[in-house]
Number of protein chains: 2
Amino acid sequence: MNDIAEVRVATAADAQADVRTDTRTDARSRTDTRARIQQIAVELFTSRGYEGTSLREIAERLGVTKAALYYHFRSKEDIIQSLVEDYQGQMDALIDLARSEPRTAKTRREILDRYVDIVAERDQVFRMLHQNQAVLNTMASAVRTLKTAPRRLVDQLVEPDAPLRERARMMMVLGAISVGWMYLADQVPDRHELSEVVSGLASEFARCEPGLPG
Amino acid sequence: MNDIAEVRVATAADAQADVRTDTRTDARSRTDTRARIQQIAVELFTSRGYEGTSLREIAERLGVTKAALYYHFRSKEDIIQSLVEDYQGQMDALIDLARSEPRTAKTRREILDRYVDIVAERDQVFRMLHQNQAVLNTMASAVRTLKTAPRRLVDQLVEPDAPLRERARMMMVLGAISVGWMYLADQVPDRHELSEVVSGLASEFARCEPGLPG
DNA sequence: GTCTATATAACGATAGAC
DNA sequence: GTCTATCGTTATATAGAC
């Protein structure tokens, strides 16, 4: 059950394309190098930082030269962009979902549970983002919008005229989920158990457990 | 009450030295340039990242050349080290305090309140740290230990054999405080009100409000 | 798809004059 | 305390052969 920690960056369209065109029997598919670059990149960006990781390092781990990377990605920023695309889409979809539902305790619990799932299933990308918050400020628009996601989500979960205390509560619940997962995921053997514990506590903090008024 | 957001890096010993030796009447004290470097650095490290900020940029904002910085600091890393020293000392003291007290609800509330105070009073440095988590991995020991602070603090707040749920709860409370403060501090007019709201909610999440069993 | 070779630029840091 | 000048290194990115 630890494979939910994989990099998870391919889109559904990518996967379909693979199935259609990939008739080889060897293990190395046509898009495999690209995926391996992504895997190495997410690891190095997390441990040494985006700006602290050179394309030379990535290439060396892959066993190719720096120039080869430019066949698969137009730039270094293009690599990190490809890594966060899927996560970004999931977060946008979550915010849209929250927007489309009434602001009840049930909705909040549902949204929080799904947020935990998104984080847990994209563990590596999520960690990388948290380790490289500052560099996102210097990047193109698409990546930057990630930083506003928590605020946008809170806006959909509390009433527009909610008092500070309730806005703070919801923002703190999101922080509790993020940090709780980040600091505990590599310390516990069963990540599925962890995600259920985190979900449960998040709902308790948000006061939207079954039976509570919403 | 917004001046609690200032950089707050000078040590008590520094301040004493200033008082003793500084008899000039002009506004520029002997250690002022060093302090101004620190102020500019913490701003740039937060917005553009540590590795994304060059010494040339810091020097330009200060109106001097790059070389002048080396009179005040031995290296770039020495600058960030000086910035986090005070925060690090406060966190170590907090963990020691938690270690010295019994694990009661009252202790937990006291520690959480003081953690909120530390964060609120060192707002700028705290933000910078959260925006540059990855680069701390590549640095010398002193700065690195900051990353273990949350875990060490949780270890002192829950029983050694506490179940996952209670360890997760306390880690999530720390995350709630950190993220809650970071995302809300520049959105609310009264930071003192915010710190009280955050403290109150943290104690509620941790189930250590007055009247609860501990 | 990957290579060699290179363009171009910026970085952190130091030497030594003033 | 700040300057000019520079060293040595590394970075992202591209051109063109294979």
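Please read these numbers as outputs of a predicted model, since none were measured by experiment. Below, chains carry the letters A, B, ... as their sequence lines are ordered, and counting in each starts from 1. Side-chain atoms are counted along with the backbone in the values below, which use heavy atoms only and exclude waters and symmetry mates.
The CZ-C1' distance, from A:Arg34 to C:dT2, rounds to 17 Å in whole Å. B:Ile37 has its CD1 atom 11 Å from the P atom of D:dG1, to the nearest Å. Protein atom CD1 of A:Ile80 is 15 Å distant from nucleotide atom C1' of D:dT12, rounded to whole Å. To the nearest angstrom, P of D:dT12 lies 9 Å from CD1 of A:Ile79. Between the P atom of D:dT14 and the NE2 atom of A:His72 lies a distance of 16 Å, rounded to the nearest Å. Distance, B:Asp78 CG to C:dG12 P: 14 Å, rounded to whole Å.
A search for side chain to side chain donor-acceptor pair (under 3.5 Å) contacts involving B:Glu51 returns nothing, not counting sequence neighbours. For B:Phe205, the ring-ring contact (aromatic ring centres under 6.0 Å, His included) test picks out A:Phe205, with sequence neighbours left out. Checked against salt bridge (charged side-chain N to carboxylate O under 4.0 Å, His left out), B:Asp155 has the following partners two or more places apart in sequence or in another chain: B:Arg167.
When the side-chain nitrogen and oxygen atoms of A:Ser75 are compared with OP1 and OP2 of D:dT14, none of them lie within a distance under 4.0 Å. In this structure, B:Thr65 reaches the D:dC3 phosphate: one of its side-chain N or O atoms is under 4.0 Å from OP1 or OP2.
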Could you pull out every donor-acceptor pair under 3.5 Å between side chains of residues 41-49 of chain A and any protein atom, sequence neighbours left out?
{"unit_1": "A:Glu43", "atom_1": "OE2", "unit_2": "A:Gln39", "atom_2": "NE2", "d": "2.7"}
{"unit_1": "A:Thr46", "atom_1": "OG1", "unit_2": "A:Val42", "atom_2": "O", "d": "2.6"}
{"unit_1": "A:Ser47", "atom_1": "OG", "unit_2": "A:Glu43", "atom_2": "O", "d": "3.2"}
{"unit_1": "A:Arg48", "atom_1": "NE", "unit_2": "A:Glu57", "atom_2": "OE2", "d": "2.9"}
{"unit_1": "A:Arg48", "atom_1": "NH2", "unit_2": "A:Glu57", "atom_2": "OE2", "d": "3.1"}

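Identified under the salt bridge (charged side-chain N to carboxylate O under 4.0 Å, His left out) test for residues 136-152 of chain B, with sequence neighbours left out: B:Asp92-B:Arg152.
Using a 4.5 Å cut-off on side-chain heavy atoms (C-beta onward), B:Leu55 and B:Tyr70 make contact.
Each of A:Tyr71 and A:Lys66 was assigned the nucleotide of DNA chain C with the nearest heavy atom; the assignment lying further toward the 5' end belongs to A:Tyr71.
The minimum heavy-atom distance between B:Gln156 and B:Ala98, with the atom names listed, is CB-CB, 3.7 Å.
Annotation: proximity of residues 48-61 of chain A to DNA chain D (heavy atom, distance under 4.0 Å) is found for A:Thr53, A:Ser54, A:Leu55, A:Arg56, numbered in ascending order.
Listed nucleotides: C:dG1, D:dC3, C:dG12. Nearest to the side chain of B:Lys76: C:dG12. Counting only heavy atoms from C-beta on, B:Ala67 has its side chain closest to C:dT14 among C:dA13, C:dT14, D:dT2.
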